[in-house]
Amino acid sequence: MSKRARVIINADDPVLVSRVRAALQDQPLELICDPVDCAQAPLCRWLAPDDLNQCGQLVAAIQDAIATLEQTRHAFRSKQLGSLRQRLEKLVRELPEPG
């Protein structure tokens with residue numbers, strides 16, 4: 001599967017968005033005009049967590065917990081917290097692809 005470029009449009013003007021869609025419709029790219037357009041929405045760092053659907057918000061929360069556990073691993077030195085981080089990382093890797 002070839003990777004397509006992603007073009008993100010952040011505009012509140014529906015006429016502008018429509019023009020961009022029309023101009024780029026034949027191009028081999030993923031045009032993202034709305035958070036729900038993104039095939040990788042739960043993992044997309046361009047989107048604020050509030051813009052994600054429930055699944056995306058859940059994944060964002062898990063990734064935040066993983067990052068917190070990683071950042072504090074030297075402060076607590078807990079095997080249980082390390083194990084929890086690894087289980088959460090495995091869970092995120094095993095989630096089905098969006099879409």
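All values reported here derive from a predicted model rather than from experimental measurement.
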| query | Side chain of Ser83, backbone of Lys79: donor and acceptor closer than 3.5 Å? | reply | no
| query | With a 4.5 Å heavy-atom cut-off, do Thr72 and Leu81 have their side chains touching? | reply |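 Thr72 does not reach Leu81 side chain to side chain.
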| task | Indicate yes or no: at least one non-hydrogen side-chain atom of Arg77 is less than 4.5 angstrom from one of Arg73. | result | no
How long is the span from the [atom1] atom in [X] to the [atom2] atom in [Y], to the nearest 0.5 Å?
X: Thr68; Y: Leu88; atom1: OG1; atom2: CG; answer: 11.0 Å
X: Arg85; Y: Ile66; atom1: CZ; atom2: CD1; answer: 8.5 Å
X: Leu84; Y: Leu69; atom1: CG; atom2: CG; answer: 5.5 Å

| task | For side chain to side chain contact (heavy atoms under 4.5 Å, CB included), just list the numbers for Val92 and Gln63, CA-CA rounded to whole Å, side-chain angles, deciding distance to a tenth of an Å, and then say yes or no. | result | CA-CA 8 Å; Val92 169; Gln63 289 175 332; 4.1 Å; yes
| said: Could you walk me through whether Lys90 and Gln86 satisfy the side chain to side chain contact (heavy atoms under 4.5 Å, CB included) test, starting with their C-alpha distance in whole Å, then the side-chain angles of each, then the deciding distance to 0.1 Å, before giving a yes or no? | reply: CA-CA 6 Å; Lys90 182 180 178 202; Gln86 290 172 350; over 6 Å; no
